[in-house]
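First the structure, in the form of structure tokens, and then the observations on it.
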Amino acid sequence: MSYCSSMASLLCPSPTVLLQHKVNRVCVTVSTNITSKSYWTSVRNGRWHELSFVTKAKMAVEGDVLEKESVSVNADYGVVSVHHVGILCENLERSIDFYQNILGLEINEARPDDKLPYRGAWLWVGSEMIHLMELPNPDPLTGRPEHGGRDRHTCIAIRDVSKLKAILDKAGIPYTLSRSGRPAIFTRDPDANALEFTQVDN
């Protein structure tokens, strides 16, 4: 069985569903036949793109047959990269001090900081950014996992984990290392937002 036909069988486990309802001694039988087809339309860089699903549904109600075909969904809409990650903070100046003076991230002065109804700042992370937003945080500051890898987190690729480890040690900022043994370090910002720094070669 092909991957597409396997997916179709999962999405439509039963080709015919019979439902019988008795209301005021009147029996109504509804028979629904659903067929699903999927199409791969192109290959680029060894990966399939533009997965489309076409689903047909036939419904019979007391002898009348209604047929409807769903609209195809095109999965290739041009993903480029992650543009930025939004991080909530209680005090903007405290967060900027952490991200700029300890982690060494630079503020993107070209991004407006007076167009939104809350205070914020944009910091460069390579060609992408972190958007600090001074807004109430719905997440609790206590009771979070000690290891940031078990919490929702932002991952930043760096060249040398050992150098960052020395920076955090000097600043007295707690951290944990990757549990898998790979070169990665996890820490939290002043608002308990988890950050991962993973070492890459290029």
- Message: According to side chain to side chain contact (heavy atoms under 4.5 Å, CB included), who are the partners of Val85, at least two apart in sequence or on a separate chain?
- Response: Val82, Ile87, Thr154
- Message: By the side chain to side chain donor-acceptor pair (under 3.5 Å) test, which pairs, at least two apart or in different chains, include something from residues 191-200?
- Response: Arg94-Asp191, Ser95-Asp191, His153-Glu196, Arg182-Glu196, Arg182-Thr198, Asp189-Asn193
- The side-chain hydrogen bond (donor to acceptor under 3.5 Å, both in side chains) partners of Asn137 (sequence neighbours excluded) come to none
- Quick one: list whatever passes side-chain hydrogen bond (donor to acceptor under 3.5 Å, both in side chains) with Arg159, sequence neighbours left out. none
- Run through the side-chain heavy atoms of Ile, Leu, Val, Met, Phe, Trp and Tyr, join any pair under 4.5 Å, and report what else lands in Leu88's cluster. Leu116, Tyr118, Met133, Leu135
- Quick one: salt bridge (charged side-chain N to carboxylate O under 4.0 Å, His left out) pairs with a partner in residues 166-177, sequence neighbours left out? Lys165-Asp169
- Note on the structure: With sequence neighbours left out, the residues meeting side chain to side chain contact (heavy atoms under 4.5 Å, CB included) with Glu106 are none
- Message: According to side chain to side chain contact (heavy atoms under 4.5 Å, CB included), who are the partners of Pro136, at least two apart in sequence or on a separate chain?
- Response: none
- Item | Under the salt bridge (charged side-chain N to carboxylate O under 4.0 Å, His left out) test, residues paired with Glu93 that sit two or more places apart | Arg119
- With sequence neighbours left out, what residues match Asp151 under salt bridge (charged side-chain N to carboxylate O under 4.0 Å, His left out)? Arg144, Arg188
- Please identify each residue that fulfils side-chain hydrogen bond (donor to acceptor under 3.5 Å, both in side chains) with Ser162, with sequence neighbours left out. Asp160
- Query: Can you list every ring-ring contact (aromatic ring centres under 6.0 Å, His included) pair that touches residues 79-117, not counting sequence neighbours?
  - Reply: His84-Trp122
